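Report on one structure; see the data block that follows.
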Amino acid sequence: MDIQFTPEDIAFQKEVRAFLSENVTDEIRRGYTGGEVDPDIMVKWQKILHKKGWVAPNWPAEIGGTGWTITQKYIFENECADSGAPSVIPFGLKMVAPVIYTFGSDEQKKRFLPDILESNVWWCQGYSEPGAGSDLAALQTKAELDGDHYVVNGQKIWTTYAQDADWIFCLVRTSSEGKRQAGISFLLIDMKTPGVEVRKIDTIDNQHTLNEVFFDNVRVPVENRIGEENKGWTYAKVLLTHERTAIAGVAQSKKGLQKLKEFTAQEKVGAGVLADDPLLAAKIAKVEIDLMALEYTELRAIASVSAGGAPGPESSILKIRGTEIQQAVSELTIEACGHYAHILNDGEAIGNDMSWVASAKYLYGRASTIYGGSNEVQKNIIAKMVLGL
Amino acid sequence: MDIQFTPEDIAFQKEVRAFLSENVTDEIRRGYTGGEVDPDIMVKWQKILHKKGWVAPNWPAEIGGTGWTITQKYIFENECADSGAPSVIPFGLKMVAPVIYTFGSDEQKKRFLPDILESNVWWCQGYSEPGAGSDLAALQTKAELDGDHYVVNGQKIWTTYAQDADWIFCLVRTSSEGKRQAGISFLLIDMKTPGVEVRKIDTIDNQHTLNEVFFDNVRVPVENRIGEENKGWTYAKVLLTHERTAIAGVAQSKKGLQKLKEFTAQEKVGAGVLADDPLLAAKIAKVEIDLMALEYTELRAIASVSAGGAPGPESSILKIRGTEIQQAVSELTIEACGHYAHILNDGEAIGNDMSWVASAKYLYGRASTIYGGSNEVQKNIIAKMVLGL
Amino acid sequence: MNFDFSEEQTLLKDSVAKFIQNEYSYEARQKNSQSDAGYSEKNWSTFAELGWLCVPFTEEQGGIGGGPVEMMIMMEEFGKGLVVEPYFSSVVLSGGLLAKVGNENQQAELITGIIDGSKKIAFAYNESQARFDLHNVATQAEKNDQGYVINGNKSLVLHGASADLLIVSVRTSGESLDRDGITLLVVPANAEGVTVKATRTLDGQRAAEVQFANVAVGSDALLGEEGKAASVIDQVADEAILALCAEAVGSMEKLYKDTVAYTKERKQFGVAISGFQALQHRMVDMFTAHEQCKSLLLRAVLSYAAGDSDVAKNIAALKYQVGVSGQAVAHEAVQIHGGMGMTDEMSVGMYLKRINMINTLFGNADYHLQRFAELSAA
Amino acid sequence: MNFDFSEEQTLLKDSVAKFIQNEYSYEARQKNSQSDAGYSEKNWSTFAELGWLCVPFTEEQGGIGGGPVEMMIMMEEFGKGLVVEPYFSSVVLSGGLLAKVGNENQQAELITGIIDGSKKIAFAYNESQARFDLHNVATQAEKNDQGYVINGNKSLVLHGASADLLIVSVRTSGESLDRDGITLLVVPANAEGVTVKATRTLDGQRAAEVQFANVAVGSDALLGEEGKAASVIDQVADEAILALCAEAVGSMEKLYKDTVAYTKERKQFGVAISGFQALQHRMVDMFTAHEQCKSLLLRAVLSYAAGDSDVAKNIAALKYQVGVSGQAVAHEAVQIHGGMGMTDEMSVGMYLKRINMINTLFGNADYHLQRFAELSAA
């Protein structure tokens, strides 16, 4: 058992810090502050990361990854969060890319991966449908073969940043025979194809993050299918378990908590500061402790996976506790902001600086326990797969 | 809407207070301090109440009740709790008596009710069985007719104070045909009948409260059956909904909380007192608020029943919240006692006075969310009956 | 002891409930909320016609002498409809101040204006450094021969931009945390030196940031006694808490009932999700939270009506519990609605935002928990 | 970064786990607990033979130089078996003090005695007025030519009645809350003037109330530096917390697993109650609570082993969370076991009681939460 950084790790940490302090400007920090992203800034930032070779730490080193140890990845993620750098948009780099480099043809790898690595092309994810949320296998969007094209009809929903995306990766139904999971294929669709329509969903956070995507006789070349027909569920599942490192959002929550603590230590109340309130201080401490626990739960999961083992039972709780902690941080932040969390200031700070970002984060953050398989579904899975109930 | 006491109510309150201050001695208070009761003291106390005519406020006035308004009952219960008087043992006065005076024959009324009123005869309740807890209708204890006697065989469990009881009222199976509920009869059994055996259950609170009761060819005269054969479930159900006033234990929890607050205000810690701890104070305040809410929830329920209406939906939560609050008070009390809650002092106070009673109450109190239909079953009932789920 | 409404109270309840039912669908509410003023003038006229604006005023003032029970009845229904009209701001807050300490002229003119709907008056009590302390007043008013000259800033003035008049708490003596030295002045919203910046709030309502730069008002602007406004402010704050909590309790009822209804419709894995026991138990918890808050509401309202000695404790308990349980119920409602709960298409998110706002107004949950603990110390 | 045990550590774990599995059924534990001494001398000899009593001591002291990881490994298994032998009292507490500040003679005699099982030593640190403050010491020791004369009372001395020797924290100078002026003295349990009243604790373990009436000890009774014991007490308290929390984490694992197993057996309404989704989700919460506590345990143990600067924060976090989550898991375990959970026939209630005791020892959850909040202030 050993959790100490080696001298190499410490040198690496220094290098990361130097790089970040030089490159993470206030402008870059504005790339993502809560709900909406600024795509231009994000492209700029991801290109900076790419130039340094650090945009895809989890990819195999030979195709653009970093070859880092888990400790290095851990250090990198923490330093990034600490610097206020926005997380990279995951849909290309973290979600579709692993599917492509694991299951795609050489042709597909050559065609799609470089643009993802260079942030030239933006992706979004077409999984959920109105009737297929937590029960994803119920999806209905149809792709029917017509010559060397699929003709896609149907609707996706909750599509994050579809409005900025060039491509969408979709699960579509190519067969209605057998088990529901066995008739699903994995398609890559150019958003500019005729028949693709994006409609904004008005969400409670008053930002534009989510969309519906409609497919009306959209013709998709067969060569855009990943792997075999009707095997899409297998690829998607691998993807779902592929990216475990970021799911808990530990580094982001740590940063959020740090900001909150700084705010309460400065914000004057009467003759003292907000941090003097013992009940607020206790609530913040509780969340911090929870987060300290989750950080190690995540490290235990990463360590057991990277040692070649299967993820241990501890990994099952990352999504649940991670999102609950994110929500708790955002709830405490709006509580700390007082009245000013409730004013829609249209860009101008009123009362205090934290508040507008705080309420957008709080409101958008309610979705975190719903998406990616709701926390209820996660509990069902743990009950069945881990506890054998 | 009006919650003010009338001048008559205030006069009544005075009368109750005077009576209690004269009669509730330290000895009486020791009749029940947490888990075990002292039967001799309880008899003494209940006889004092009976002499005053106040031992059975809920019975019809013509057979020994008080004819009080709900406000008077509320006042009486609160003043009793406040005085530290032990609650009367419910099995005779509050549980079997209403069944007897509602469904029993004149013969049975004459035979059993006076002894209950005078606390000459002690009762216990034979409902649960090892295989029939929350699912009470699964009960298996058999009563087979043999001439003018039933022959009873089987086992009851969790029988509170069976070791002190002269009689037991039982649900027994007299038929295995039709719906399970339709083959159950309600029998009164003399505990001295040959074949009745009581075995103590060793419980986590180290007191003797619970028992198993075994029936081995116990011969019970048919005249000891209440009402019709195979209709026992109906009578038992009426009994279950009959006594709503005490189920939440509001008055007792108020008293417990008051004691706890006094203790924390006096108990020295460092240079101050325990009550100075803002987190403990906040937890106590939260429970007190919860209890203030429940007190009105109970009043609303009582008011709607006594106005002749059906109990409103608010009454469904009395058992759940009442027992949760009792447990919360007992948890905070052992927390306040510190180390001394954990010493089994065999009767001698160590460290502080509260602690031994505190831990017995805490441990025995874990049962409150289990017995009387577990809180999980209560939630199932509310989901179905109130929310229509 | 009885919890029954009188005949008049039942009529009032039915009247408001019917209006909410028929005229205040979520779509209509959203339309009003997004209009320029942020509410419907037509509705406001209806409120006046139906006599709702006069409820809390005495008969001499032109009202019907409604008490906290009547106010609870109305606000609970308003809470079910997420009403955006400035009832709370104009009638409860400003009306409350005028009814309690207004002189004959002020009552005759301003209360009459409130009741007939012709005047909307906002109460500017909040300042950015004050957090929840109503006595933390830094806005200064200097007295001169003509009256007062006001300088300072007020924040989150509810419905401040649509108000004709502002009642402003100012400091005429003492330091900014003193209880003494606070004075109320009635200021026309269009007086010289008054700058009103309209803001929207997350709950779809309106507020304003208001600056006072050498704003001169006459001596007749004084409302109540100079330097002694703290106690009337406290009293109106108590009434404000009762009203807001009644509103939140109405919203909580709507939330748990809507959630129950939604689960009966929504299917996953081929069955209605209402059948999942884990969700059932959580909806029971939502139901329980509502009932318990309703009990605390009745407790506080009835004790306020009776002038009981423990009214402060009851009000603190209420505000704490409604803050905590209201948010818990709203969070669960969003969660159980799933993705749909995140959209403006369903009302559930709007209830969440309103409940959050209510938690913050006049002191949040922890503020009142600590107040309660002090009041209730052994 | 790795969380794997070394080969030696794995062997140690297997050895203790095997003993618990084979020799420490709940029935056997209860028998030992209810014996006169409150534990089994035979087991204690086995502990000595298997080398467990020497684990934390250095090789020079006769041990194997085990660190906090080894201690965690052992205590976690002990927690699964609810071990009643005085390992914590004698090895962790008293052994910890002796190993850190014992002089050559003391180490040679007393540590050797601990290791071979011939000497049991209890640490008398607690006083009834102190609550959780280890520096609140009112027991006085007056110095004279021969040594010290002790007067005062110690409370809840763990395994005090079976101890051959007591290490007593006494005040040799200063006021009763001062950090300075605390001294440790080694006192034979049978010294004149020592009255040991044996008590049982709810968790089936033993303690004692100890009175010192003019108890004279020689100068050689001094353990460490006179008046400077606070820091070694604090250090041993940190190790005590790590050990106790490891024990509790072991108990939590047993509790959630036993509960899961019980629900698969127990039938109600004709089906195993493991099928009820509401219970399933609650058991997932129990599982989660255990995993999170285990993570905090690893965090605190590894940071203590490494001497990190944030070790105090990690230890406070651990003790808080184990206190809160341990009780929550134990309460749920009793509840889900239903009536059976209330009986001594099942072990679940005993785990509850032990976890409660652990919560209280060396500062309860709120005590450490407040300590954490101070340490972690921005």
Side-chain angles (χ1 to χ4, degrees), chain A residues 1-6 9 69-72 74 257-266 275 278 280-286 288-300 302-304 306-307 312-317 320-321 375-376 378-384 386-389, chain D residues 1-6 9 69 72 256-257 259-261 263-264 272 274-277 279-288 290-303 305-306 308 310 313-314 316-318 320-321 324-325 366 368-378:
Chain A
M1 289 214 149
D2 183 16
I3 200 72
Q4 292 298 99
F5 288 161
T6 62
D9 292 334
T69 64
I70 52 155
T71 308
Q72 286 177 311
Y74 171 77
L257 205 53
Q258 185 57 32
K259 274 189 185 171
L260 170 59
K261 282 163 65 179
E262 285 162 11
F263 176 76
T264 61
Q266 287 158 11
L280 184 60
K283 289 198 283 194
I284 293 174
K286 284 179 191 180
E288 188 173 352
I289 291 170
D290 235 351
L291 186 55
M292 286 163 62
L294 194 70
E295 185 174 18
Y296 263 58
T297 301
E298 189 178 54
L299 289 177
R300 289 164 61 204
I302 296 172
S304 77
S306 85
E314 68 283 348
S315 67
S316 325
I317 63 183
I320 296 174
R321 296 303 289 134
N375 286 18
E376 290 79 12
Q378 303 295 334
K379 286 191 182 181
N380 290 344
I381 293 171
I382 296 174
K384 194 174 164 193
V386 182
L387 302 183
L389 291 167
Chain D
M1 191 156 52
N2 91 75
F3 293 94
D4 300 330
F5 291 139
S6 69
Q9 289 167 343
V69 173
M72 172 184 78
Y256 93 73
K257 287 184 172 168
T259 303
V260 165
T263 62
K264 291 179 184 173
S274 60
F276 293 125
Q277 192 192 34
L279 295 189
Q280 289 181 350
H281 282 202
R282 283 160 60 181
M283 289 187 276
V284 169
D285 292 342
M286 293 168 74
F287 158 79
T288 302
H290 167 259
E291 287 297 337
Q292 288 281 79
C293 284
K294 179 139 188 165
S295 290
L296 285 173
L297 176 63
L298 288 167
R299 182 176 193 125
V301 161
L302 293 172
S303 81
D308 283 351
D310 56 354
K313 220 177 118 173
N314 287 332
L318 171 66
Y320 163 75
Q321 196 65 60
V324 167
S325 296
D366 273 1
H368 284 281
L369 181 63
Q370 290 174 78
R371 210 178 130 225
F372 178 90
E374 278 165 34
L375 290 166
S376 145

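Below, chains carry the letters A, B, ... as their sequence lines are ordered, and counting in each starts from 1. Every value quoted in this text rests on a predicted model; they were computed, and no experiment measured them.
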message: Between E288(A) and K313(D), does any NZ, NE, NH1 or NH2 come within less than 4.0 Å of an OD or OE carboxylate oxygen?
response: yes
Please flag which part of [X] lies under 4.5 Å from any non-hydrogen atom of chain A: side chain, backbone, both or neither.
X       : result
E374(D) : neither
K294(D) : both
F372(D) : side chain
T263(D) : side chain
M286(D) : neither
N314(D) : both

Between [atom1] of [X] and [atom2] of [Y], what distance do you get to the nearest 0.5 Å?
X       : Y       : atom1 : atom2 : value
M283(D) : K379(A) : CE    : NZ    : 12.5 Å
Q378(A) : T288(D) : CD    : OG1   : 11.0 Å
D290(A) : Q292(D) : CG    : CD    : 6.0 Å

Heavy-atom cut-off 4.5 Å, strictly under: side chain, backbone, both or neither for [X] against chain D?
X       : answer
L387(A) : both
F263(A) : neither
R300(A) : both
L260(A) : neither
K384(A) : neither
A282(A) : both
N380(A) : both
E376(A) : both

For residues [X] and [Y], report the shortest heavy-atom separation together with the two atoms involved.
X       : Y       : value
A306(D) : Q4(A)   : CB-OE1, 2.9 Å
F287(D) : I317(A) : CE2-CG2, 3.5 Å
A373(D) : A285(A) : CB-CB, 4.1 Å

field: Which of K261(A), E262(A), R321(A), Q266(A) touches chain D most, by non-hydrogen pairs under 4.5 Å
entry: K261(A)
- line: Ranking A265(A), P278(A), A293(A) by heavy-atom pairs under 4.5 Å to chain D gives rank one to A293(A)
statement: Looking only at S274(D), A272(D), S6(D), S295(D), most heavy-atom pairs under 4.5 Å shared with chain A are made by S295(D)
message: Determine whether a donor-acceptor pair (N or O, by modelled atom type, separation under 3.5 Å) exists between the side chain of R299(D) and the backbone of Y296(A).
response: no
- request: Mark yes when over 12 heavy atoms from residues, nucleotides or ligands other than K264(D) sit less than 6.0 Å from its NZ; otherwise mark no.
  value: yes
Which residues share a side-chain contact (heavy atoms from CB on, under 4.5 Å) with A383(A), sequence neighbours left out: L389(A), Q280(D), V284(D)
